[in-house]
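Protein chains get the first letters and strands the later ones, always in sequence-line order, with residue 1 at the start of each.
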Amino acid sequence: MTAAPTIGVFALQGDVREHLHALQRLGVDAIAVRRPEELERCHGVVLPGGESTTMIKLARTFELLEPLRTRVAEGMPAFGTCAGMILVADRIRDGAPGQETVGGLDITVRRNAFGRQVDSFEAELEFDGLDRDVHAVFIRAPWVEEVGPEVEVLARVPASAPEEDAAGRIVAVRRGPLMATSFHPEVAHDDDRIHGLFVDLVTKS
Amino acid sequence: MSTEETPSATTGTARVKRGMAEMLKGGVIMDVVTPEQAKIAEDAGAVAVMALERVPADIRAQGGVARMSDPDLIDGIIETVSIPVMAKARIGHFAEAQVLQSLGVDYIDESEVLTPADYENHIDKWAFTVPFVCGATNLGEALRRITEGAAMIRSKGEAGTGDVSNATGHMRKIRKEIRRLQTLAEDELYVAAKELQAPYELVKEVAQAGKLPVVLFTAGGIATPADAAMMMQLGAEGVFVGSGIFKSGDPAKRAEAIVKATTFYDDPDVVAKVSRGLGEPMVGINVDEIPEPHRLETRGW
């Protein structure tokens, strides 16, 4: 791909603007996606933070769910943060009854795994492929409980986590063109490196 | 870890509190008084629920002192839904807020809908791990609440009326005052801060960014999908619906319609489609007909 890629941010609900800004700072043509025709223009898609139950419901109602599943199955790169990680996961624990996902990434995610909002936290963590630590913001975040054989683990919760059973949990993964983080790189100011990794995935695909 | 001095993970930071509100953007937060209503709200696509004993319309009708809800009620709602649960504390009632934090609510609304507990001081919200949302009728009020630690602002409107006019007025006023700050010369911001009765640093930040440093929702009188769409077009980043849903004829359908209209607020075809066949809206009261002392918007300062 030679020209700047078009990357869509799923814009049914959530922190869409923060993702659009991060992508724009990286020189990407970033667009908000609420309709199937907007999805068609995208070379890659970001699934933002927000409320996963709201997003999946709206995706089904507004006929975005099946087109998105098809594109992801065809190999379109996708990057999910927090709620977005839940959406790209093949399996959820502690979901709302009957909660669906877009799927594609061979992982099992536990929703609200770290607890309620009072347990939300920020921490420095090592991220595979980046030379310096990442400042990670976890908000009612999920974690990854199981990964399929081809899934690479990119980051784990450091030992300094507020809850003992959180330390060492998997919070960033990749398999082929699909990437997901439990935390929100889009709200950590002045650091677009993780979005940069995703843009590289889109550019190479 | 690169060094041994790496700070350990921290909870309750401004970024984590404000970030939580960022995740609610583009969504609808619904007042609920029972676990059954909370389930209806979650199924309809609410991003969060506000747990309370009486919706504002009933507080208005029944009168008396309105206080924090019974912990059993809040627990029941927390156990029933997987989405965030908010609850209201009286203005200035820091002990109610302490109780709500201990119950594990995800956000506290220091709300004018309840009877104020302190007519001078609001709660020092920096002292809490749980984040707070506060109401505002204008920019100065919003900035004073942020100074006290509010991590989210909502325009007050006039709760429990189903009359959207005050919400419109407050949202327009906040946005207009922000636009005015952007037109001022830098040396005029000192006086602007004095006039707004807000700290200079915060006023300067708003003048530069053209927006509040926290998420701005709207509340107070929203009863229809078109109401929600209008408030989003006026610059709200999301919507609180109080009495408007469960005081209407078909709450599940209306809740879902307001969620859809909030996402597609700028697409009249969608708003028209979801507005059909919703049954009776809440009856409502015209704000003009409420005597001044009974208006909730004047609580808080």
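- In this model, a donor atom of one side chain and an acceptor atom of the other lie less than 3.5 Å apart for A/H135 and A/E122.
- Shown here are the salt bridge (Lys or Arg N to Asp or Glu O under 4.0 Å) partners of A/R111, two or more places apart in sequence or in another chain: A/E51.
- The residues A/R140 and A/D119 are annotated as not salt-bridged, no charged nitrogen and carboxylate oxygen being separated by less than 4.0 angstrom.
- Residues A/I194 and A/M179 are in side-chain contact: their nearest non-hydrogen atoms beyond the backbone lie under 4.5 Å apart.
- When side chains are defined from C-beta on, B/Q182 does not count as touching B/V206, because their heavy atoms never get closer than 4.5 Å.
- Among the candidates A/H184, A/E18, A/K57, the residue making the largest number of heavy-atom pairs closer than 4.5 Å to chain B is A/K57.
- Residue A/S52: no heavy atom, backbone or side chain, is found under 4.5 Å from chain B.
- Residue A/L12 touches chain B through both its backbone and its side chain, counting heavy-atom pairs closer than 4.5 Å.
- The contact between A/S120 and chain B is made by backbone and side chain atoms together, counting heavy-atom distances below 4.5 Å.
- Contacts with chain A were tallied for B/V16, B/T13, B/D267; B/V16 has the most, counting heavy-atom pairs under 4.5 Å.
- A salt bridge between A/D128 and A/R174 is absent, with no side-chain N of the basic residue lying under 4.0 Å from a carboxylate O of the acidic one.
- Contact check on A/D191 versus A/R132 returns no salt bridge, with no Lys/Arg side-chain nitrogen under 4.0 Å from an Asp/Glu carboxylate oxygen.
- Heavy-atom distances place no part of B/F128 under 4.5 Å from chain A, backbone and side chain included.
- For a residue to count as touching a neighbouring chain, one of its non-hydrogen atoms must lie under 4.5 Å from one of that chain's; by this rule A/R116 touches chain B with backbone and side chain alike.
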Which atom pairs, donor and acceptor, lie under 3.5 Å between side-chain atoms of residues 68-80 of chain B and protein residues at least two apart or in another chain?
| unit_1 | atom_1 | unit_2 | atom_2 | d |
| --- | --- | --- | --- | --- |
| B/S69 | OG | B/E53 | N | 3.1 |
| B/D70 | OD1 | B/D72 | N | 2.7 |
| B/T80 | OG1 | B/G76 | O | 2.6 |

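- By the ring-ring contact (aromatic ring centres under 6.0 Å, His included) test, A/F121 is found to be paired with A/F114, A/F138, residues two or more places apart in sequence or in another chain being considered.
- If you check the side chains of B/D227 and B/T224, you find a donor sitting under 3.5 Å from an acceptor.
- Of the two parts of A/V137, only the side chain, counted from C-beta on, holds a non-hydrogen atom closer than 4.5 Å to a non-hydrogen atom of chain B.
- Only the side chain of B/K39 has a heavy atom closer than 4.5 Å to any heavy atom of chain A.
- Contacts from residues 19-31 of chain B to chain A, taken as heavy-atom pairs separated by less than 4.5 Å, involve B/G19, B/M20, B/E22, B/M23, B/L24, B/K25, B/G26, B/G27 in sequence order.
- Looking at B/A48, neither its backbone nor its side chain comes within 4.5 Å of chain A, counting heavy atoms on both sides.
- Looking at A/P97, only its side chain comes within 4.5 Å of chain B, counting heavy atoms on both sides.
- Only the side chain of A/R35 comes within less than 4.5 Å of a heavy atom in chain B; its backbone stays farther off.
- Listed options B/P84, B/G45, B/G12 were ranked by heavy-atom pairs under 4.5 angstrom with chain A; first place goes to B/P84.
- Counting only N and O atoms by type, the side chains of A/T53 and B/E42 include no donor and acceptor under 3.5 Å apart.
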**Request:** Show your working on salt bridge (Lys or Arg N to Asp or Glu O under 4.0 Å) between B/K253 and B/E256 and close with a plain yes or no.
**Result:** CA-CA 5 Å; B/K253 197 167 181 193; B/E256 207 167 297; over 6 Å; no
